[in-house]
Amino acid sequence: MSGSSGWYNGGYNIPPMHPRPLPTPQGKSTNAHISFDLHRAHPAGLAAVGVAMVASAAKSLTHKTCTIKTTAAINAIAAVIVYYYSPTWIFPVLLISGGLVTLITCRNDTSQQSVEDIESLGVGRRFGTALFITWLVVLVAAIAVRESTSYSSHKELHWFESFYRIGSLIFGGGQVVLPMLDSAVVGRGWISEADFLTGIALVQAMPGPLFNIAAYVGAIIATNAGESGFIGVIVCWVGLFAPGIILLYGLLPWWVKFRQFSIYRRALPGVNAAAVGLIVAAVFQLGMKVHSNSPIPDASMCIGIIGFVLVDALDVSAPMVVLLGAVLGVIGWATKMH
């Protein structure tokens, strides 16, 4: 984003996050330009190793879920479609489509399911139904409020709606959330691409699930909007986590019987393969953004390769890889590996 007047996108008037410095009359960068690139150098290294760790997870999950040609094909097709065309609604469509493919092609259900003498897990069926209805009501209400209010006067509601809607559509692990979050928060100008990519690395270096990126993103969104960072953390973290928790306890009363259905067991491999395909697409999407946003694009790709080998082949701990990525980013900038 450039210039000083901000930009307008879908009703949001957002000031620029990182204005580009002006060149000198001789065509050379000013000291401000040098400082700006140095500021971006270590995030470039962090972002590269962050995406490398996502790539390692995609590789591992692909090996686990794509055990036959059909699921491998579902994985690849889902990845291609999402990379090329990725509106929010395409994610559940691909998951359902993947399930339908294996439901049709895998006629013989050879998996063994133990029949347990348990009626339900967790809460009772009435309470489970109430939870499911609560999830749906909150989702519809949040979308309706967002559509009928302005961002400037109801920032927190708009943040909550975006994260709650994304949390309601996620299936297949925390990595799947990344491209959806990127589109929602970076696409609306709430956070810069560089900050988002840096967060991917930092969150993976911390204990806990990748969904905790909601707290990081929420803090930056709120700060950029002139609000309390703590409020942003709470709103976005609850918004992303709440749908999964509500649906988990809402569906548990029927889970024991549901998982014994042959239709479910035949469809599940296709759903899983499609979900992992979304992660594969995320690796390429985020990798291209790391390259385009880095002041040392080719060096960032090299740092990403190093990070992938360290995590995937040498089992180096994530915090050490993230730290190394930051150091290599600064070294790459200092040695002019542009």
Side-chain angles (χ1 to χ4, degrees), residues 46-47 50-62 65 75 78-79 81-83 85-96 98 135 138-139 142-143 158-188 190-193 195-221 232-248 271-290 318:
L46 287 173
V51 175
M53 288 187 280
V54 177
S56 177
K59 174 191 169 187
S60 175
L61 291 170
T62 298
T65 58
N75 177 290
I81 292 175
V82 168
Y83 183 86
Y85 183 67
S86 55
T88 302
W89 59 265
I90 201 69
F91 292 86
V93 169
L94 288 173
L95 297 177
I96 294 171
W135 161 76
V138 172
L139 177 62
I143 294 175
H158 283 242
W159 302 338
F160 179 81
E161 184 276 334
S162 293
F163 281 77
Y164 192 88
R165 173 170 43 83
I166 291 172
S168 298
L169 296 174
I170 290 303
F171 182 93
Q175 289 81 6
V176 180
V177 79
L178 297 177
M180 299 179 71
L181 268 184
D182 182 83
S183 175
V185 300
V186 178
R188 290 173 174 167
W190 294 349
I191 183 175
S192 71
E193 191 75 72
D195 286 338
F196 182 79
L197 293 171
T198 300
I200 294 175
L202 295 178
V203 171
Q204 291 182 97
M206 302 293 178
L210 191 53
F211 269 32
N212 282 331
I213 195 173
Y216 166 88
V217 172
I220 296 182
I221 287 176
V233 169
I234 298 299
V235 170
C236 296
W237 191 86
V238 171
L240 193 62
F241 273 89
I245 295 173
I246 294 172
L247 288 173
L248 172 64
V271 175
N272 287 335
V276 176
L278 306 184
I279 300 175
V280 173
V283 171
F284 289 94
Q285 289 172 329
L286 297 172
M288 293 297 292
K289 290 180 179 181
V290 168

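The analysis underlying the following values was restricted to heavy atoms, covering all of them including side chains, and did not include hydrogens, waters or symmetry mates.
With Leu278 as reference, Val176 is the one residue of Val177, Val176, Leu178 to meet the side chain to side chain contact (heavy atoms under 4.5 Å, CB included) rule.
Counting only residues at least two apart or on different chains, the side-chain hydrogen bond (donor to acceptor under 3.5 Å, both in side chains) pairs with a member in residues 236-246 are Asn212-Trp237. Judged as a side-chain hydrogen bond (donor to acceptor under 3.5 Å, both in side chains), not a single pair has a partner in residues 271-288 (not counting sequence neighbours).
Nearest approach of Ala274 to Ala78, heavy atoms of both residues: O-CB, 3.8 Å. In terms of heavy atoms, Ala55 sits closest to Val283 at CA-CG2, 3.6 Å. Closest approach of Ala215 and Val233 over heavy atoms only: O-CG2, 3.4 Å. Looking at every heavy atom in both residues, Leu169 comes nearest to Pro92 through CD2-CG, 4.1 Å. Counting all heavy atoms, side chain and backbone alike, Ala142 lies closest to Glu161 at O-CG, 3.3 Å. Of all heavy-atom pairs spanning Leu139 and Arg165, the tightest one is CD1-CA, 3.9 Å.
Among residues two or more places apart in sequence or in another chain, the side chain to side chain contact (heavy atoms under 4.5 Å, CB included) test is passed with Ile96 by Leu100. For Ser168, the side chain to side chain donor-acceptor pair (under 3.5 Å) criterion is met by Trp135, not counting sequence neighbours. Listed by chain and residue number, Ile77, Ile90, Leu94 satisfy the side chain to side chain contact (heavy atoms under 4.5 Å, CB included) test with Ile81 (two or more places apart in sequence, or in another chain). Under the side chain to side chain donor-acceptor pair (under 3.5 Å) criterion, Ser56 pairs with Asp312, not counting sequence neighbours. Phe91 is linked by a ring pair (Phe, Tyr, Trp, His ring centres under 6.0 Å) to nothing, counting only residues two or more places apart in sequence or in another chain. Partners of Ala52 according to the side chain to side chain contact (heavy atoms under 4.5 Å, CB included) rule, which considers only residues two or more places apart in sequence or in another chain, are Phe308.
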Review item, side-chain donor-acceptor pairs of residues 199-209, under 3.5 Å, at least two apart:
unit_1	atom_1	unit_2	atom_2	d
Gln204	NE2	Gly50	O	2.9
Gln204	NE2	Ile200	O	3.0

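To the nearest 0.5 Å, the span separating CG on Leu240 from CZ on Phe160 amounts to 10.5 Å. Atom NE2 in His158 sits 13.0 Å away from atom CD1 in Ile221 (nearest 0.5 Å). If you take NZ on Lys289 and CG on Leu197, they are separated by 7.5 Å, rounding to the nearest 0.5 Å. Between the CD1 atom of Ile191 and the CZ atom of Phe196 there is a distance of 7.5 Å, given to the nearest 0.5 Å. Taken from OG in Ser183 to CD1 in Ile166, the straight-line distance is 7.5 Å, to the nearest 0.5 Å. To the nearest 0.5 Å, atoms OG1 (Thr198) and CD1 (Ile220) are separated by 8.0 Å.
Judged purely by atom type and a 3.5 angstrom limit, Tyr216 uses its side chain to pair as donor or acceptor with the backbone of Asp195.
For Phe284, the CZ atom counts as loosely surrounded, since its 6.0 Å shell holds 12 or fewer non-hydrogen atoms of other residues, nucleotides or ligands.
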Note to self: Go through it in stages, so that I can follow the logic: the residues are Phe163 and Val185, the test is side-chain contact (heavy atoms from CB on, under 4.5 Å), and I'd like the CA-CA distance, side-chain angles, deciding distance and then a yes or no.
What the structure shows: CA-CA 9 Å; Phe163 281 77; Val185 300; 4.0 Å; yes
